[in-house]
Novice: 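One structure is given below, represented as structure tokens, and several questions about it will come after.
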2 protein chains.
Amino acid sequence: MDRATLREVSELADVSVATASLVLSGKAENRFTPETAERVRQAADKLGYRTNRLARSLRSQQTRVLGLISVEVLTTPYAGDMIRGAQTAARGRDYDLLIVEIDGTPEAFAEGFELLADHRADGVLVASFFHQELPVPEVRPRHLVLADAVALDHSVDAFIPNEFDSITQVLNLIGEAGHVHVGYVGDCNDFPAVRGREAALKAAADRFGWVKIEENIVRSEDTNSSDGYHSAIKLLTANRDLTAIVAYNDRLAMGVYRAASELGLEIPEDLSVVGFDDQLLISEALRPGLTTVALPHLEMGRLAVEKLISLVESEDENTPAEVAIMGDLVERGSVAPPRKGSNKFSSELGKS
Amino acid sequence: MDRATLREVSELADVSVATASLVLSGKAENRFTPETAERVRQAADKLGYRTNRLARSLRSQQTRVLGLISVEVLTTPYAGDMIRGAQTAARGRDYDLLIVEIDGTPEAFAEGFELLADHRADGVLVASFFHQELPVPEVRPRHLVLADAVALDHSVDAFIPNEFDSITQVLNLIGEAGHVHVGYVGDCNDFPAVRGREAALKAAADRFGWVKIEENIVRSEDTNSSDGYHSAIKLLTANRDLTAIVAYNDRLAMGVYRAASELGLEIPEDLSVVGFDDQLLISEALRPGLTTVALPHLEMGRLAVEKLISLVESEDENTPAEVAIMGDLVERGSVAPPRKGSNKFSSELGKS
DNA sequence: TCTGAGTGTTTAATCGATTAACCTCGAGTG
DNA sequence: CACTCGAGGTTAATCGATTAAACACTCAGA
């Protein structure tokens, strides 16, 4: 049941191993008579010949294998599409992916790099489960590209989401609907994603004339639904004029929904909500569906692999660049114009 | 910057390549003087020598690479832990994983198998994103194991969840709390997971004397939250005595929560709810937290790899077996004893 | 002195594919 | 007729590690 070797093919075709190799690799188009070539091809076909990648790689000093270091992408439900994008792109160029899952520590990187070096991967792609700055060690593969992450020292090619323009899409939706009392449920960490989204928020606030946006920002310790809930409660009770809340991500937005429901606020009639990430388990399940932005995971994976292959295949000098990619707006129904005057919540409270 | 070869090491140590190899592989413990051995080791150290896996594999005819065919595991947020379990187990035995993502069609399998055969994987693990029956082609790797799936013809070793006993844990919780009017929001497909869970439901109904369980089963077309909502509404309006609902999975349970909230039923006071899967994005985010069962993904991945390695390393005859593994009960607070008499919903309606 | 048995180390074949360099033969050229 | 040249192949080195078999040497025993 073992695969046939080139020697077996060449014997069946009654030629030398060299001839068989040359014919099958197509690297000597017209050095052989059509009959010889055909005989070789038939023999290969008959024996189900496939070239032994180990042997080829050993000889050619390239494996056509790309290492993929997954920083928690495999084990968190956020960014699987990035790997799919990467795999599709790689397969399309006849490369395969060797995937190693690690946490993001420098030691784990070193181990991962070592393992991939042992396998003689032609290049390495590091994919992160969210847009962060990674401590990529100095000792690193010759060809390296990052996806959904940048190197702390910005010394590596990277494909990241355009946080600013992406979230601006939902901010515009809020602004154009006429909201001016807008709150923001954020994250307290210092990540590029956090900085980018808040910068966009402030720009939008300026542009649309949102009222006292600085005071309507609450930053959660963590970004789970329950933090979103507490933050939203805090926002909505402190500022009863709020008619829209922007959440840093969909999980926080989920908490905002719960807060709204508890306070008797209908979404979107009394309160518009937008999220970020388009985590389907949440954004599709909430009622009404959450208007949010889908991160360009597939694209980042694809582009990163294509860049990596181009690095591998041309030995030209390369100047590392960070490419920011737009996310897709997904409108579902959690945004509506504000009620006249103020939201139901504040008017009800006004009565009592 | 390229890695040192054995020849370079041997030259530095002033011995033959054979000696260097023998010393470093530890396969000839006392054939050399301690001084020679030490000299070789020092040289290897100094040069940062690591054996070239391609060369070794080519020679030894085994790669210490296991293929992992992921049937949508990578790209759905359900079962990433299975891959983590598999990778950890493999690394612990000095194997690496070559992962290929496919959909579950026979053609995709064939392609995946071919690709892994090209890479001379020593064995292949197929991991599915849920417990299903897979059409594994006849032409298959010599060593093959399934995780979270069985072969249609049951001809392959498999590690699967014990659906019956796993869900019985939450069913017992419901029964022991004293509920007798129990509803079930199910799935209409004919999967092992569906059959196992419904069988357990019926067994529990018998054991606890649940009232007319057959009539309180609604099967959804799909298993998203919105189907769970519609099914729960149907159940709760048709049978006002229901005090507990069991959902086929957490996503459906999420819909049940919404239905309950819409009907003014408090969970767990008026209605107990249990799910299955422990999908954290849902089970942790819902209020109250969802009591559910965590599938043994990590374990399945781990055990499958260990079985696979044992197949690879001993050429003994093997009789395929399917091993069912228990899931873990996760209690969060969506179960309470029923209200005296009946639920709030039915009593309120009774008044009007 | 010769044989035998260890010890310590090297020689050389091998895994399978690639490819530069070489060979052979017949046709064409001056 | 001697010589060149191209078409159509083949030879053999190479990638790096593994390992059976051979070799060189020492020392004990006959």
Novice: Do B:Asp122 and B:His143 get their side chains close enough for a donor-acceptor pair, meaning under 3.5 Å?
Specialist: no
Novice: If you define the side chain from C-beta out and look only at heavy atoms, does anything of B:Ile69 sit under 4.5 Å from B:Val124?
Specialist: yes
Novice: For nucleotides 8-20 of chain C, read 5' to 3', which letter fits each nucleotide if B means a protein heavy atom sits under 4.0 Å from the base, S means only the sugar-phosphate is that close, and - means neither?
Specialist: BBBB-BBBBBBB-
Novice: Rounded to 10°, tell me the angle between the two end axes of the helix from C:dT1-D:dA30 to C:dG30-D:dC1, each built from five pairs.
Specialist: 90°
Novice: Could you check whether any side-chain N or O of B:Arg39 sits under 3.5 Å from a backbone N or O of B:Ala13, counting only pairs where one atom can act as donor and the other as acceptor?
Specialist: yes
Novice: Between A:Arg140 and A:Ser155, is the side-chain hydrogen bond (donor to acceptor under 3.5 Å, both in side chains) condition met? List the steps.
Specialist: CA-CA 11 Å; A:Arg140 55 180 73 161; A:Ser155 60; 2.8 Å; yes
Novice: Between the side chains of A:Arg53 and B:Thr63, is a donor N or O closer than 3.5 angstrom to an acceptor N or O?
Specialist: no
Novice: Does the pair A:Glu114/B:Arg3 count as a salt bridge with the N-to-O cut at 4.0 Å?
Specialist: yes
Novice: Are the side chain of B:Ser310 and the backbone of B:Lys307 linked by a donor-acceptor contact shorter than 3.5 Å?
Specialist: yes
Novice: Within the 3.5 Å criterion, strictly below it, is a donor on A:Arg56 or A:Ser21 matched to an acceptor on the partner's side chain?
Specialist: no
Novice: Rounded to whole angstroms, how far apart are CD on A:Glu11 and P on D:dT10?
Specialist: 13 Å
